[in-house]
Amino acid sequence: MKDLNKVLCLVDGEHYFPVTKSAIDKLEDNGYDVQSLLFIGGTEKLRNTNVDEIEKMFGKPVRFGEDHSKIPYDLISSLIEEYDVDSVMDLSDEPVVNYEKRFKIATVVLQQGVIYQGPDFEFKPLEEYDVLENPSYKILGTGKRIGKTAVSAYTARLINSEDKYDPCIVAMGRGGPEVPEIVRGDKIKLTPQYLMEQSDKGKHAASDHWEDALLSRVLTVGCRRCAGGMAGQVYITNMLDGARKTNELDCNLIAIEGSGSAIPPIKTNKQIVLVGANQPIETLTDYFGPYRIKLADLIIITMCDEVICSKEKLDTLISNIHEINPKAEVIPTIFRPAPVESIENKKVLFATTAPETVQPLLKSYLEENFKCEVVYISSHLSNRPLLQEDIDKYIDDVDIMLTEIKAAAIDVATKDALSKGLDVVFCDNIPIPINDSYDLDNAIMNLVHSAVEDFNK
């Protein structure tokens, strides 16, 4: 028998009490310590609503929501806290709950840091390690390819511009190093040739911490991770070791950067959540989208170009986000390319992960702002075979390979360009608010100052 596990049980009125009582007895026979029962709906077999009599039958405290037709989400949360339970066991069933409602229950339960489980499922809360000895913030996302690294680098540059802060970014990626790797972006210039040398040594030189170091010019620590659970937990990562390394470095503000929709397992003072306007709206408002959104102190919506996200969809998304997390500031943005070196009067082949729908916007922006001629834009930077085809087709017609720093940027785009004698220029992506009513820089710095205040408390 395992150690006693304090449990709150969710039950319904679609089961006869003797049947539910048998389930409770089995739980306790299996080593669970049932603290309380909460009826979350259903009346078909609910013959008796006298709480005293029901408690006498079960020998446990019993609670009902005010409306039997609605799941009392707030009451679930308060009872978890009241009884200090380790898990919530769901013994209810259709029609009281369905997939959508169970995800909402899971969001409530996981926010309280306890396990949500049923007969054939278990969702575990995010494990967070409190190891940082400096003020910190976390950047996490609701999906992949929504600009976490670009926003992370932008944020670090902005923070670094204030003399009192020396930021360090700790990033975890699918191709990160076996041992956490320090890159002194604050002291070395990361040229295409240098990154090619690292790639030739077997390193993933386009991993997020290399991109952060090159674009933000700050100290970075690279880590790895594998897999991402539905609520953001990773299967393996060495980020705990990477985070601990920052305690020995000359930095005084730590940015912990997520990967895809996976959430870094490091406790921070504040959290920025990135939402992609290109994502299906139901993945943000249902499932575990609300769980991530509720973690945020600041929410940045990326990729809000109308060719990607209509105004109607964006308005709906913003409204839904405010409803899910009314306390967080929400700022919708677009990305625009920013070469780190001059490309003036050059013919350019631009490799990006941006969708083809925004290529005309990117082409005109580059040509107008950086006085170049964009011969071709490849949106296949995350697809090596197709990227290779685009390079082979256009490389003889250009002077410069302009590329974002993604997986194939070094060992395909940079390698091929250098072998042809072309210059390679890396490209940043700058988040820009969709209009002047939003102040992204001020929102970021307010979050940073708040993180410092929290840490000092």
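For the single chain, residues carry numbers from 1 onward in sequence order.
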Nearest heavy atoms of [X] and [Y], plus distance in Å:
X      : Y      : answer
Tyr365 : Pro337 : CE2-O, 3.3 Å
Leu422 : Val398 : CD2-O, 3.3 Å
Leu387 : Ala351 : CD1-CB, 4.1 Å
Glu122 : Ile115 : CG-CG2, 3.5 Å
Gly242 : Pro180 : N-CG, 3.6 Å
Glu282 : Tyr287 : O-CD1, 3.5 Å

Answer yes or no: is there a side-chain heavy-atom contact under 4.5 Å between [X] and [Y]?
X      : Y      : answer
Ile256 : Met239 : yes
Gln388 : Asp416 : yes
Gln271 : Thr268 : yes

Holding to side chain to side chain donor-acceptor pair (under 3.5 Å), I want the full list of residues that pass it with [X], two or more places apart in sequence or in another chain.
X      : value
Glu82  : none
Thr302 : none
Lys148 : none
Gln233 : none

Between [X] (side chain) and [Y] (backbone), is there a donor-acceptor pair under 3.5 Å?
X      : Y      : answer
Asn247 : Glu133 : yes
Ser259 : Ala262 : no
Ser379 : Ala354 : yes
Thr285 : Ile281 : yes
Asp439 : Asn442 : yes
Asp12  : Leu91  : no
Asp428 : Ala153 : no
Asn238 : Arg224 : yes
Glu248 : Lys245 : no

Side chain to side chain contact (heavy atoms under 4.5 Å, CB included) between Leu349 and Thr403, worked out: CA-CA 8 Å; Leu349 170 59; Thr403 180; over 6 Å; no
From CA spacing to verdict: salt bridge (charged side-chain N to carboxylate O under 4.0 Å, His left out), Lys104, Glu100: CA-CA 7 Å; Lys104 288 183 179 179; Glu100 179 185 0; 3.7 Å; yes
For Phe370, ring-ring contact (aromatic ring centres under 6.0 Å, His included) partners two or more places apart: none
Given Leu8, Leu79, Val109, the one that forms side chain to side chain contact (heavy atoms under 4.5 Å, CB included) with Val85: Leu8
Glu128: salt bridge (Lys or Arg N to Asp or Glu O under 4.0 Å) partners, not counting sequence neighbours: Lys138
Arg336/Asn429 under side chain to side chain contact (heavy atoms under 4.5 Å, CB included): CA gap, chis, key distance, verdict: CA-CA 5 Å; Arg336 288 296 179 264; Asn429 276 303; over 6 Å; no
Pair Phe103 + Phe288: ring centers closer than 6.0 Å: yes
